[in-house]
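Let me begin by presenting the structure, written as structure tokens, before commenting on it.
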Protein chains: 2
Amino acid sequence: MSKNKIARLFAVRRIVNKYVIASQEELLNKLQQEGFKATQATLSRDIKELKIAKVPNPETGYQYVNPEALENATFKNFDPSVVGGTGIRSLAYSGSLAVIKTQPGYASVAASLVDSNHVGDIIGTLAGDDTVLLVIREGVDREFITNRLAVIFPDIRNLLL
Amino acid sequence: MSKNKIARLFAVRRIVNKYVIASQEELLNKLQQEGFKATQATLSRDIKELKIAKVPNPETGYQYVNPEALENATFKNFDPSVVGGTGIRSLAYSGSLAVIKTQPGYASVAASLVDSNHVGDIIGTLAGDDTVLLVIREGVDREFITNRLAVIFPDIRNLLL
DNA sequence: CGAACTATTGCATAATTTTGCACCGTGTTT
DNA sequence: AAACACGGTGCAAAATTATGCAATAGTTCG
């Protein structure tokens with residue numbers, strides 16, 4: 001396997017994880033911005049090799065996602081407004097971390113909700129009993145993260161510390 | 001929603017569950033065998049509505065899968081050449097933190113592996129269910145950390161996001 | 001080194017999927 | 001009853017994705 005290909009495959013995974021990519025053309029653009037040289041045909045093969053799936057996404061039409069993201073996915077159409085309160089008490093940022101405080105016992109629920117929503121720029125979550133730690137990709141705007149979280153927890157903006 | 005459509009949507013889900021469907025044409029055939037009357041265009045819309053994903057499948061090329069099926073069997077065991085057998089799924093950095101995602105339940109195993117290897121520049125680890133947070137000493141090079149982790153998880157470099 | 005293989009990729013094209021538009025059927029309002 | 005609103009669908013075209021083939025780069029073996 002050529003060095004070039006290996007590097008490109010990594011980049012594809014990273015980009016798919018970080019951005020909402022709706023088409024191979026779009027992925028191609030991102031790759032070219034990073035200096036990679038390839039064609040859509042090659043990406044089609046890369047995607048097949050990496051087992052990256054194309055899934056419908058209500059907001060953007062479609063989205064490519066890495067296989068390990070799918071394994072955890074609960075694609076159940078979860079509507080928090082139906083469930084009532086989400087147990088969230090506050091949201092605060094520090095550096096590239098966000099901390100969500102919840103009602104006691106609700107942290108893991110909140111964390112898995114975040115996980116299953118595939119926010120690419122949240123690279124990991126850790127839940128205690130009443131606290132969820134979110135690790136955010138460097139350089140990502142907090143406002144953007146808040147917006148994404150607001151999709152999951154509609155009232156979270158009111159709880160921003 | 002017309003009665004027809006409802007029945008068809010259920011049938012689509014059932015068929016996708018039961019057979020390995022590689023294209024919408026194929027799905028259309030199955031539906032027609034059951035007496036449904038539709039066109040491929042309609043199926044494209046149904047698939048979008050049902051959030052059925054198109055994923056690469058080593059045997060048949062591609063396969064449509066129901067969203068909740070993704071949680072369970074189908075993808076649990078994907079190509080080890082892409083992923084590897086340590087339960088590790090990805091590694092990402094942000095600031096002085098590293099996040100390792102694992103198969104569900106593997107996080108504490110991974111964390112104790114890291115702990116027992118005494119990487120001095122990893123000043124602490126925290127494990128959830130499928131996420132390990134590594135706190136890294138300030139100023140330490142990520143490449144160095146990755147190298148040390150690669151001793152424990154040989155293929156982790158392939159999983160760097 | 002050179003021949004023989006193998007892997008990778010672009011190009012062109014085929015195959016597949018998505019979508020704009022028009023139309024139809026059903027239910028609702030005036 | 002006529003006019004209207006709306007979801008659902010087919011048709012055809014656009015958009016996107018997959019792939020056969022040939023050229024090139026990289027590897028292995030004698």
Side-chain angles (χ1 to χ4, degrees), chain A residues 1-13 15-16 19-67 70 75 77, chain B residues 1-16 19-67 70 78-82 155 158:
Chain A
M1 197 140 71
S2 79
K3 201 161 184 180
N4 227 357
K5 181 177 176 187
I6 294 177
R8 191 186 60 242
L9 290 180
F10 288 162
V12 167
R13 279 178 52 81
I15 290 170
V16 163
Y19 303 99
V20 176
I21 301 294
S23 73
Q24 296 180 6
E25 288 296 337
E26 206 174 316
L27 177 57
L28 183 58
N29 288 339
K30 295 281 186 194
L31 280 169
Q32 288 174 339
Q33 281 175 24
E34 296 195 9
F36 287 95
K37 184 176 153 300
T39 61
Q40 172 272 323
T42 296
L43 293 192
S44 173
R45 295 178 181 117
D46 287 353
I47 282 170
K48 191 170 187 175
E49 183 167 346
L50 292 170
K51 299 190 177 42
I52 291 173
K54 185 185 189 184
V55 308
N57 172 320
E59 295 165 31
T60 61
Y62 295 85
Q63 175 176 3
Y64 285 95
V65 305
N66 282 315
L70 286 180
F75 274 84
N77 280 337
Chain B
M1 191 135 78
S2 81
K3 203 160 185 178
N4 234 351
K5 181 177 175 186
I6 293 177
R8 191 186 59 241
L9 290 182
F10 277 110
V12 167
R13 279 179 52 80
R14 184 167 38 72
I15 290 171
V16 163
Y19 304 97
V20 175
I21 300 294
S23 74
Q24 295 180 7
E25 288 295 338
E26 207 175 316
L27 176 57
L28 183 57
N29 289 339
K30 295 281 186 194
L31 279 170
Q32 288 173 341
Q33 280 175 25
E34 296 196 10
F36 286 95
K37 184 177 154 300
T39 61
Q40 172 273 324
T42 296
L43 293 190
S44 173
R45 294 179 181 113
D46 287 353
I47 282 171
K48 190 170 186 175
E49 186 168 343
L50 292 170
K51 298 190 176 46
I52 291 174
K54 185 187 188 182
V55 308
N57 172 320
E59 294 162 32
T60 60
Y62 295 87
Q63 175 176 4
Y64 284 95
V65 303
N66 282 315
L70 293 176
F78 47 84
D79 193 341
S81 68
V82 176
D155 48 359
N158 299 338

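So that the names make sense, note that chain A is the first sequence line, chain B the second, and so on, each numbered from 1.
- Distance CZ (A/Arg8) to C1' (C/dA7): 12 Å, rounded to an integer number of Å.
- Regarding B/Lys54, its NZ atom lies at a distance of 6 Å from the C1' atom of C/dT16, rounded to whole Å.
- Pairing each heavy atom of B/Asn57 with each of B/Gln63, the nearest pair is ND2-OE1, 2.7 Å.
- Take the nearest nucleotide of DNA chain D for A/Tyr64 and for B/Ala38: the residue whose nucleotide is more 5' is B/Ala38.
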For nucleotides 19-22 of chain D, print each protein N/O atom paired with a nucleotide N/O atom at under 3.5 Å, atom names and distance only.
residue	atom	partner	partner atom	Å
D/dT19	OP2	A/Lys48	NZ	2.9
D/dG20	O6	A/Arg45	NH2	2.6

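- Between B/Lys37 atom NZ and D/dT9 atom P the separation is 10 Å, expressed in whole Å.
- Rounded to whole Å, atom P of C/dT17 lies 10 Å from atom CG of B/Leu43.
- Of all heavy-atom pairs spanning B/Ala53 and A/Val55, the tightest one is CB-CG1, 3.2 Å.
- Between B/Ala22 and B/Thr60, the shortest heavy-atom contact is CB-O, 4.3 Å.
- The distance between atom NZ of A/Lys5 and atom C1' of D/dA25, rounded to the nearest whole Å, is 14 Å.
- Contact annotation: the side chain of A/Ile47 approaches that of A/Tyr64 to within less than 4.5 Å [non-hydrogen atoms, C-beta and beyond].
- Sorted by residue number, the list of members of residues 20-32 of chain A with any non-hydrogen atom under 4.0 Å from DNA chain C is empty.
- What separates CG of B/Asn57 from C1' of D/dA18 is a distance of 15 Å, to the nearest Å.
- Scanning all heavy atoms of the two residues, the minimum distance from B/Lys51 to A/Pro56 falls at CA-CG, 3.6 Å.
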Worksheet entry | Trace of the side chain to side chain contact (heavy atoms under 4.5 Å, CB included) decision for A/Phe36 with A/Lys30 | CA-CA 9 Å; A/Phe36 287 95; A/Lys30 295 281 186 194; over 6 Å; no

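- Here the CD atom belonging to B/Glu25 is positioned 9.5 Å from the CG atom belonging to B/Leu27, to the nearest 0.5 angstrom.
- Residues A/Val16 and A/Val65 approach most closely at CG1-CA, 3.7 Å, considering heavy atoms.
- Side-chain contact between B/Leu43 and B/Leu31 is present, with at least one heavy-atom pair separated by less than 4.5 Å.
- Recorded end-axis angle for the helix from C/dC1-D/dG30 to C/dT30-D/dA1 stands at 30°, based on five pairs per end and rounded to 10 degrees.
- For the pair B/Leu50 CG and C/dT18 C1', the interatomic distance rounds to 16 Å; values are reported in whole Å.
- For the pair A/Leu28/A/Gln32, a side-chain contact is recorded, criterion being any heavy-atom separation below 4.5 Å from C-beta on.
- Residue B/Asp46 contributes atom CG, which lies 16 Å from atom P of D/dG7 at whole-angstrom precision.
- Nearest heavy-atom pair, B/Glu26 versus B/Val20, reported as atom, atom and distance to 0.1 Å: OE2-O, 3.1 Å.
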